[in-house]
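I have a structure I would like to understand better, so I am pasting it below and will then ask my questions one at a time.
By convention in this document, chain letters (A, B, ...) are assigned in the order of the sequence lines, proteins followed by strands, and residues within each chain are numbered from 1. What you see below is based on every heavy atom in this structure, not just the backbone, and it leaves out hydrogens, waters and symmetry mates.
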Amino acid sequence: MSYDFKTIEKKWQEYWEEKKLFKSTEISDKKKFYLLEMFPYPSGKLHMGHARNYVIGDTLARFLRMNNYNLLYPMGYDAFGLPAENAAIKNKIHPDKWTDECIKTMTEQQKKLGLSYDWDRLVVTSKPEYYRWNQWVFSKFYEKGLAYKKLAPTNFCPKCETVLANEQVIDGKCWRCESEVEVKNLEQWFYKITDYAEELLADLDGLTGWPERVRIMQRNWIGKSEGLSVIFPVKNSAQKIEIFTTRPDTLYGVTFMTFAAEHPLVIELVKGTEKETEIKKFINKIVVQKRITRLEDKEKEGVFLGKYAINPLTGEEIPIYVSNFVLMEYGTGAIMCVPAHDQRDFEFAKKYNIPIKQVISNPNNSNPDLEQAFTDEGIMVNSQQFNDLNSKEAISKISDYVEEKKLGKRVVHYKLRDWLISRQRYWGTPIPIIYCEKCGTVPGPEKDLPVLLPMDVKFTGEGNPLAKSESFTKCKCPKCKGDARRETDTMDTFVDSSWYFERYCDPKQNKFPFDKKNVSYWMPVDQYIGGIEHAVLHLLYSRFYTKALRDLGLLDCGEPFKNLLCQGMVVKDGFKMSKSKGNVVSVDDMVGKYGADTARLFVLFAAPPERDLDWSDEGVAGSFRFLNKIYKLVGQLKGHSGGTDTSENLERIKHLTIKKVTGDIREEFHFNTAIAAIMEFYNEITVQHSTLNSQQLKNSVKMLVILLSPFAPHICEEMWQILGNNESILKEKWPVWDETKLVQEKIIIAVQINGKLRGQIEIKTETGEKEILEIAKSNDKIKKYLENKKIIKTIFVPKKLLNIVIGG
RNA sequence: GGGCGGGUGGCGGAACUGGCAGACGCACGAGACUUAAAAUCUCGAGUUCUGUAAGGGACGUGAGGGUUCGAGUCCCUCCUCGCCCACCA
């Protein structure tokens, strides 16, 4: 018979709720800890992939509470977004209703897992109490120039019928629906994240509690490069071409230059010349190319403009091309080309027979390579007064020279673009802007916030319902009171998730997004847990938003997340568990079949959190078996007539287990090895079960239950009660081990001969090297290896091994 | 092309700072209980050679080299899988 998890889990969930045991206290003298999991999109049913995220957090939460932290551990829902709107179109249900229903079922499932959130702090981003502060902040940003509208080439997803931010385009495809993204010139709203590029980059160094790979991804995304902007005059023309280079040391090797196809100067330069038609044709071909094919097409192509530029350092005339491998978005859209020292330029030069001029010689090979460009450091040649310098030194020397002669200047470029935040969809925060024919673009006044989403719109599946809602769009201009219309775009849902963790600190505040005092106490998040897929998206936006809110004076901290844990995926049949793959194991099924404690124990035991977890039904059964065994052991305690033995070894293992479990949870979140240690402790108890005196037995079992309680809380509460305790186990203090109890009187050490294991001997712990050697020499197994051999030396590792090195 | 992770039994995974590889669990095998099965309990187990047996030997952490008394762990070369970035001037 297996234990009655259904009754037990229900009983304790009700008990916890009734006694409000998970309510976080307000500001107190206890050491605070803010623990957070990335909040979910309320799509309805939870599968074990979601559950893993929460279970990792909840186990830690329970551990921290028992360690006397003042813990903030909230939950909320990222409730705006397209799926709700699509569901509305499909099922003829309002997104608000659909979302609420999903939240309800998800909350239920989370409670059934025994997750110990403080539900009083619930944050739902689609509610006006929340999104009004998106609007409020937008207005503040607008005043400061951090929010602005501009016409720009944007990424448009035809399926989602909306534009996307750069970060939301993955390999040229929409992050959500994987449709191919089109480039459209549209007037859109942006947040000026680029103002923070340098700080976002610099502060990454301080985020030592983050996985290195996430920091690297963000660094790459921000993409800082320092270099030189140089002006190349066009021969026989007043035009000048500005280029950007990170390799000023190659300036003397420039033999041509090329423009991006979109560069406006191209058309200007060839206007009225015989090249005009050819160039226009080429440009059209490139520009029309789809984004993806253009990126994939590595074959370099270009056309000579028939014009020459002058190298400002040498006075040399160099031909100007337009080509397919220069990007308009980066640098200046025009580049100087040094085929000898850049592989792309090299390929282009070979193809069009452009001279290749070497200016850096390879110190390891004096013959110039005719097969590829030499891009490493080397010795400067053919570079006038800079000859013989190391090319790395030459970078700064030539930069100095260029600046001195006013031919250009040092500049810094970033890959990071401003965050495009407007979306042509209904289910999001309305952008609080009013367009008036007389007054132009006018921000909605603070007193009129929130600008509510109208509820009476029609979802036809075509276009933005908001734009068709007369009651919404028609309004009065706040300035001149004349007729005006509202902005119908809504905000990217990543705006919502960029500050929800700050709202948790003060979720009911209605004068500001949050009170500074509360936020100052709780922020930053001490431990954030979530998937790696947000390495750049959510985690970068949140960092920006927090810094921007700081500069509005709303809070003091500049980095929202002190420590970050990226948990691995849950994999089944070789794929990530997901609805579309059809390989989901639902939380409901698991909890129904084995109970929450088993489900929790398994996901924690099967792999360390940062690694992918292979789902195994048999493994789950094993976890269930373990819980049953412990439950049985506790049940048998009463009838234990017992022996009289006192086991020092069991006492030692008890303390060892406390130490191991505590360390594994606190330092590395290695719940798998912590659980393994608890299992070993259990195994040891059962071995000694019949001979042990009941006092020590009971004592050991109590400890076992306490140590297991963060992992499998319901069954542990029940066992705790069976063991005769009236208070919840949550009130129990986390145990401390006694280092002196870990010492063993006798230990077994390994004896090696020339590094090979040849035997094991039992010794008193404090036995010295010489004595051990003598014992080893008289050991039968070892003796035979030493016969007629000379001992050259011995290596002794206290408490571990003795290695005897022999010769002959 | 660049960067970051991995590669350990049949499987998931352990192994502090270079010190007895394979903890813990799953699956498996044998036995006990049972009319039988399931459940439960006990025992076994890296591979291989050898021995009637107790036992003993050799090999073994993707491959090959190196450093060391000693290498899963450090160094070099390479293979392979995953992720991220990628014509970034």
So, is A:Y3 close to the B:A39 phosphate, meaning a side-chain N or O under 4.0 Å from OP1 or OP2?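 Result: no.
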
Which part of the nucleic acid, if any, lies within contact of A:D342, taking any heavy atom under 4.0 Å across all strands shown: a base, the sugar-phosphate backbone alone, or nothing? nothing

Short side-chain N/O contact to B:G19 OP1/OP2 from A:N803, under 4.0 Å: no

Between A:K572 and A:D617, is the salt bridge (charged side-chain N to carboxylate O under 4.0 Å, His left out) condition met? List the steps. CA-CA 10 Å; A:K572 189 167 182 263; A:D617 290 327; 5.0 Å; no

Are the ring centres of A:F325 and A:F348 closer than 6.0 Å? yes

Does CD in A:E178 sit with more than 12 non-hydrogen atoms of other residues, nucleotides or ligands closer than 6.0 Å?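 It does not: A:E178 CD has 12 such atoms or fewer within range.
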
Heavy-atom side-chain proximity of A:K660 to A:W737 below 4.5 angstrom: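 No, side chains not in contact.
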
For nucleotides 2-11 of chain B, give me one character per nucleotide, 5' to 3': B if any protein heavy atom sits under 4.0 Å from the base, S if the only such contacts are to the sugar-phosphate, - if neither. -SS-------

Can you list the residues that meet the side chain to side chain donor-acceptor pair (under 3.5 Å) rule with A:K351, with sequence neighbours excluded? A:E299

Using a heavy-atom cut-off of under 4.0 Å over every strand shown, decide if A:G622 touches base, sugar-phosphate, or nothing. sugar-phosphate

Closest-nucleotide ordering on RNA chain B, the 5'-leading residue of A:E668 and A:I532: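 Its nucleotide being nearer the 5' end, the pick is A:E668.
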
Hey, does A:R758 reach any base, or is it just sugar-phosphate, or nothing, if we go heavy atoms under 4.0 Å?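 A:R758: backbone/sugar contact only, no base atoms under 4.0 Å.
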
Do the ring planes of A:F259 and A:H263 sit parallel (below 30°), tilted (30 to 60°) or perpendicular (above 60°)? tilted

If you write RNA chain B from 5' to 3' in dot-bracket form, with Watson-Crick or G-U pairs under 3.5 Å, [ ] for crossing pairs and | for pairs with another strand, what do you get? (((((((..(((......[....))).(((((.......))))).(((((....)))))..(((((..]....))))))))))))....

What I want to check is whether an N or O donor and acceptor connect the side chain of A:K800 with the base of B:C20 at under 3.5 Å. no

Between the base of B:G19 and the side chain of A:Q752, is there any donor-acceptor pair under 3.5 Å?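 Answer is yes: a donor-acceptor pair is held.
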
Specify the residue among A:K415 and A:K756 whose closest nucleotide of RNA chain B lies further upstream toward the 5′ end.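 Its nearest nucleotide lies further toward 5', so the answer is A:K756.
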
